Amino acid sequence: MALLSFRAPLTDPADRLSSWQVDRHQNCCEWYGIQCSTDSLHIISMDLRNVDLEITKRSSLYLAPTNTSLTGTISPSLFKLTRLQYLDLSFNTLDYSQIQYQLSNFKNLVHLDVSFSQFSDSVTTQFSNLSSLRYLDISSFVQASDPASTGPYSVSEYPLTSPSINWVRNLVNLRVLKMSGVDLYDASMTRNWAEPISYLGDLRELHLSYCHISSPGFPIREFFNLSRLSILKMSFNNDINSSITAQIANLNSLSVLELAECYNLQGSIPYLPQLKKLDVRGTPNLNVNLSSMFKRKWPKLQTLWISSTSVNGPIPQTISNAPILFSFSASGCSIKGSLTTTISALSNLEYLDLSSNGITGYIPPAVSSMKRLHYLSLFRNSLQGPIPSSICKITLLQHLSLYGNNLTGTIPSCFTELIKLSHLDVSDNSVGGVVSLNSLMNKLNLTKLNLNNNSLTVEINHHQPFPSGHYHLESLELQSCNISGNIPAFICEFKNLDKLDLSSNNLTGAIPSCLFKHQTLSHLDLSENNLQGTLPRVLHFNDNTFIYVKLASNFLQGSLPVPSEKNMYFDLSENQFTGRISVQHAERLSNSRYASLSGNQLSGSIPPLCSNKFAQTGLSLQTLDLSNNSLTGSIPSSFGNCSSLVFLHLGMNNLTGEVPYELQHTRIKYLLLHNNLLEGTFPNFIRKLETLEVLTLGNNNFQGSIPTFVGSFRNLKIFSLRSNAFNGSVPRGISYFNKLQILDLSSNYLSGSIPSKIGNITKLTSRPNDTYAFWSGGWAVTDLQLQMVIKGVSHYIRRLHGFSSGIDLSSNNLEGNIPEDIGLLQGLSMLNLSNNHLTGKIPNSVGNMTGLESLDLSFNSLSGEIPSELVSVSNLGRLNLSYNNLSGRIPEDAHFQTLSTDGSAYLGNKFLCGVPTERLCEGDLIVPTSSINNAYMQEEDKDSAREKGLLYGAVTLGVGVGFGGLFLVLLCGKEKWWSGYWRVVDTTAERITDGIWKK
């Protein structure tokens, strides 16, 4: 029989064709998927559609596909079914190679569906002779019907292409043509490419989504003949670079129009009163003027999805002209103004999403008029005031999302009456009061609860169990909710729990061990609490799930636990873990996306990571932070196997040796190795890290010159080599650091002049106003912990903000003038050139450095007057010009004189005069002494006694330090210490001489 021959080469894992056996069912018309004609008993229909896979692909959830597909080659015996009218093989895994060019044999075929069944190759004439067809589906694209998102969607691994659609011209009986996912790029590049469709006068549905259509014009003219067209879907065609023409209104049967994710589509929505569904989400260049749109009635409109378009206006009162609207999705549309009370007149509304807009004012109490509402999302707006208790009257409400507003007051107690509520999110507001977790969980059947970052206090009764049917919670987020006490053990009773965030509270005690065995938990954040105790030796989360674990900033101790096999994020930083990092730890960390063990008390050497022998889990290490421990030994060369490594922080340890050249095989952008005992010359392999953004080698034992190739790092933002033994000149290439924010070459032996084109550092020529921290301990990058002298005090920079900037070339042997171009750095906030041998005048251009907050030019040989332009730098908060050869009057400006009321900023400049020094400038009036002589003499006697004591103490201390320091330097024999010793002696002598001279 033809059916058995068709069945023979197929594999059926779900046993769907188990009834296809002669001995069990003599009548094949009773076999699964087969239908026969009532008169002649000929087979007229074969429906083997894999519904399970279709449901999975159309779901808005990311469900794992089920293995229910028929697989194998389709036998030509199928053509023996000459009376076949209906054939559906969709959502299977089939090989059509033996039959696809013989499909024209099915002369009686009315319905053909081979979508998502690996029907591939180029469509030319395979279907052109099927003139009886009314339904043809060759799609390889399917989209979930979810108003909150245009994804997820699925595209077949075996897409079709069609260089021309002339083959549809003969299918004049078609009512449904579904070609979504078929590549029509080449076809659409020709003039009037869609003309063959105009011959399908009986067409009711046309699906052309995700077809790579690249026509410069919307093909409306070709559709004019489609007077019966009811459904038009052309979403996900980003290259349609044209406007929606008003002529689309001529399609007066059109009830569904989908043009979502057509990025380059422009224009506005024409009036289509017969329309039932309009989906233009993700089309940002499309203007959706709601006020204009609803001047007229839309009597049939039920679904309006306009998220991520351009509304730029309020929701008008006239929206009531869509009286039967039940689904309205308008997130991210730049909607302004307050929520009109008219929207509550939409009594049929079931779905309302106005999130991520600029809506202001209050949530109107009249919102309760929308009795059928089950989904309400107003997050990320600027709403204020309390949450109206009238929401409790919407008894069908299942989803309520209000996070990211300015809401105050308390959570209405009547929320416990919303018995259908499963999703509640009021995070990131200013809601206060006391919330009982037990009360919410006892009276509601929540699957998601998020109260993060408010002003409220969540109370948990450890001894009050929940009803047996109320443990369906999948996500619990209570960050910064003033929770105290221990973590309740009943948390583990939520068997479906996927996410638990109790971070930034006052939790104490040990972490319940059952959490580390939870088989559905994939996200655990208990960071920034006061948790203590040890952790299990091995964390036994579900090994088939990628895990996010963040336990940072607690008081956990003992040995490091071995992570799970799959770690998306693993952060145990800022605790008190001790011991070594074992090979087993290294294996699991190698298969993590993000791993941080910084700020503990770990010791020993770093074991090899990313070893080829480690099993792969589908994840590759991108971020590794082992900083601020007591690790010793060398940096393993196996890091070179971490090909996806972007961020490596090994700073603040006791690592020795040279930096392994194997790191050149990684994708490192952030390399932080400061505060170790590393040695050697500047690592030459670094020139191959072309995307480098942060390089810190400070406080090590590197020596030699800084290579000129560093100027090729155009993305570099931080470059710190401080406190090493680098010599030679400052590379001229630093002028090409277009994105540089921090340059620290201090405390080396650099000589020569400051590069004259230093003002070309583009990033520092202006100052951003943003406060966003580019590195804030987030997904890709951990805290920097970078040492830098700011305003004379050594600090550790944890986060680099957009406005953070500084140049420190202090404590070197630099000579020559300060370049005039330095004044171009108007965004620079800190400049330290102290302790060098700079000469010449302070350039007047420093007055243009309006962003400057700290300026230190002390201990140089600068001469001339202090530029009067410097007083215009209003942001300046610290100034040090001491121990130079400056002369003339100190600028007399109210703000400028507050920078050094004690005169310390000007010490060691013999020829400076004016306030705050006691030296008069030429032309100053001499104040009569008769009236103040006695007071002055008394003050002078006090100063004399104080200065004598200071002098005797200085001499005594100088003798001790001098001989003791000299002995120590001679004993150690380090050239760098010898130079530093004489620098201290010279400085001390100069200060004593200056004090005697002033006296």
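Just so we're clear, the structure is a prediction, and the values are computed from it rather than from any experiment.
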Ionic contact status for Lys717 with Glu693, cut-off 4.0 Å: yes

Donor + acceptor pair across side chains of Asn575, Asn600 (<3.5 Å): no

Sidechain N-carboxylate O distance under 4.0 Å for Arg281, Glu261: no

Parallel, tilted or perpendicular, as decided by the 30° and 60° cut-offs, for the rings of Phe490 and His462: perpendicular

Test item: side-chain donor near acceptor, Thr520 and Asp498, under 3.5 Å: no

Distance-only polar pair, side chains of Tyr594 and Gln622, donor-acceptor under 3.5 Å: no

Any donor-acceptor N/O pair, Thr416 side chain to Ser413 backbone, under 3.5 Å: yes

Summary of disulfide (SG to SG under 2.5 Å) pairs that have at least one residue in residues 355-403, sequence neighbours excluded: Cys392-Cys414

Crowding at NZ, Lys277 (>12 non-hydrogen neighbours, <6.0 Å): yes

Residues Ser334, Lys336; criterion side chain to side chain contact (heavy atoms under 4.5 Å, CB included); working and verdict: CA-CA 6 Å; Ser334 301; Lys336 304 292 194 300; 3.6 Å; yes

Side-chain H-bond candidate by donor/acceptor type, Ser329 with Ser307, under 3.5 Å: yes

Note, Leu407 side chain near Leu383 side chain (heavy atom, < 4.5 Å): yes

Salt bridge present between Glu474 and Lys499 (N-O < 4.0 angstrom): no

Under 3.5 Å donor-acceptor, Asp571 side chain and Ala552 backbone: no

Asn238 side-chain N/O to Tyr263 backbone N/O, donor-acceptor pair under 3.5 Å: yes

Flag, side chain of Asn454 to backbone of Val426, donor-acceptor distance under 3.5 Å: yes

Smallest separation among heavy atoms of Pro561 and Phe577, with atom names: CD-CE2, 4.2 Å

Parallel, tilted or perpendicular: rings of Tyr351 and Tyr375 (30°, 60°): parallel

Residue pairs, two or more places apart or on separate chains, that pass ring-ring contact (aromatic ring centres under 6.0 Å, His included) and touch residues 321-341: none

Between Ser331 and Ser356: side-chain donor-acceptor atoms closer than 3.5 Å: no

Whether over 12 other heavy atoms sit under 6.0 Å from Ile419 CD1: no

Donor-acceptor contact present, side-chain Gln532 to main-chain Asn530, <3.5 Å: no

Donor + acceptor pair across side chains of Ser503, Gln479 (<3.5 Å): yes

Side-chain donor/acceptor of Ser355 to backbone N/O of Phe379, under 3.5 Å: no

Test item: Leu672 and Val694 side chains (from C-beta on) under 4.5 Å apart, heavy atoms: yes

Between Arg372 and Asn348: side-chain donor-acceptor atoms closer than 3.5 Å: yes

Heavy-atom closest contact (Ala330 atom, Ile306 atom, distance): CB-CG1, 3.7 Å

